Amino acid sequence: SQQGEEDPQALSIQEGENATMNCSYKTSINNLQWYRQNSGRGLVHLILIRSNEREKHSGRLRVTLDTSKKSSSLLITASRAADTASYFCATDRGSSYKLIFGSGTRLLVRP
Amino acid sequence: DAGITQSPRHKVTETGTPVTLRCHQTENHRYMYWYRQDPGHGLRLIHYSYGVKDTDKGEVSDGYSVSRSKTEDFLLTLESATSSQTSVYFCAISESLAGGPGEQYFGPGTRLTVT
């Protein structure tokens, strides 16, 4: 079964708007990671946030983690058409080397 | 891009035949993974390796076996292919961090069709 579940499953926004995706998980984690997948390609790592961190930034990306609610969010600011992709969260369920991926959020950014 | 390749990139095979997919890395990473990706299921872990000759099952390992005789190569074998194994297969590599798994680097994927 999936550990991380993304919400919403699909999101359509206008270029320039912000996009927010959420991830919920069920068990304790060491860290949580976000990945992007362009159509027909492999996944690309975006950001890793440790369980003792609450917020992390990377360029136009902002990730938050609330371990009390077992949830994370990924915010993409000032979206571009090139941000169109599927976004996945992945958690480790306490493992040192294994990740479990959610089923993803499909983001469409309209020009 | 991380030095990770998969072969073949596309394969069509018949039900009941054995199939082997290869993942090759040039990064000398310790951990290697095989996933399958299907619509509605996201990415599911089939098998993984934490060192040469050290492998373990993931969440959907039935019908699959793996081998890792060298650091750089991780082979996935479908012992007797079935139509339910039609999927896109991704290999990934990583190193661990203190206190948890590190980021994973993915190969380009292999599209397998079982007829």
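Numbers restart at 1 for each chain; the letters A, B, ... are given by sequence-line order, proteins then strands. Because the structure is a prediction, the values reported are computed rather than measured.
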Hey, does the side chain of B/E103 reach the backbone of A/L46 with a donor-acceptor pair shorter than 3.5 angstrom? no

Please rank A/V44, A/L48, A/L99 by heavy-atom pairs under 4.5 Å with chain B and give me the top one. A/L99

Side-chain donor-acceptor pair present, A/Q33, B/Q104, cut-off under 3.5 Å: no

Just checking A/R80: does its CZ atom have more than 12 heavy atoms from other residues, nucleotides or ligands closer to it than 6.0 angstrom? no

Joint cluster assignment, B/L78 & B/V60, ILVMFWY side-chain distance < 4.5 Å: yes

Okay, B/E95 and chain A: the region with an atom under 4.5 Å from a heavy atom over there is neither

B/F106 CZ to A/H45 NE2 distance, which is reported to the nearest 0.5 Å: 10.0 Å

Using non-hydrogen atoms and a 4.5 Å limit, figure out which bit of A/Q37 sits close to chain B: side chain, backbone, both or neither. side chain

Cluster overlap B/L43 with B/V88, hydrophobic side-chain contacts below 4.5 Å: yes

Answer yes or no: are there more than 12 heavy-atom neighbours, outside A/R60 itself, under 6.0 Å from its atom CZ? yes

Most contacts with chain A, counted as non-hydrogen pairs under 4.5 angstrom, among B/G109, B/G107, B/P108, B/G102: B/G102

Is A/I47 reachable from A/L32 through a run of I, L, V, M, F, W or Y residues, each pair having side-chain heavy atoms under 4.5 Å apart? yes

Just by modelled atom types, is the B/P101 backbone N or O under 3.5 Å from a matching donor or acceptor in the A/N30 side chain? no

How far apart are the C-alpha atoms of B/Y33 and A/Y97, what are their side-chain angles, what is the distance that settles it, and do they pass the ring-ring contact (aromatic ring centres under 6.0 Å, His included) test? CA-CA 10 Å; B/Y33 310 83; A/Y97 42 81; 7.9 Å; no

For atom CD of B/E14, decide whether the heavy atoms of other residues, nucleotides or ligands shown that lie under 6.0 angstrom number more than 12. no

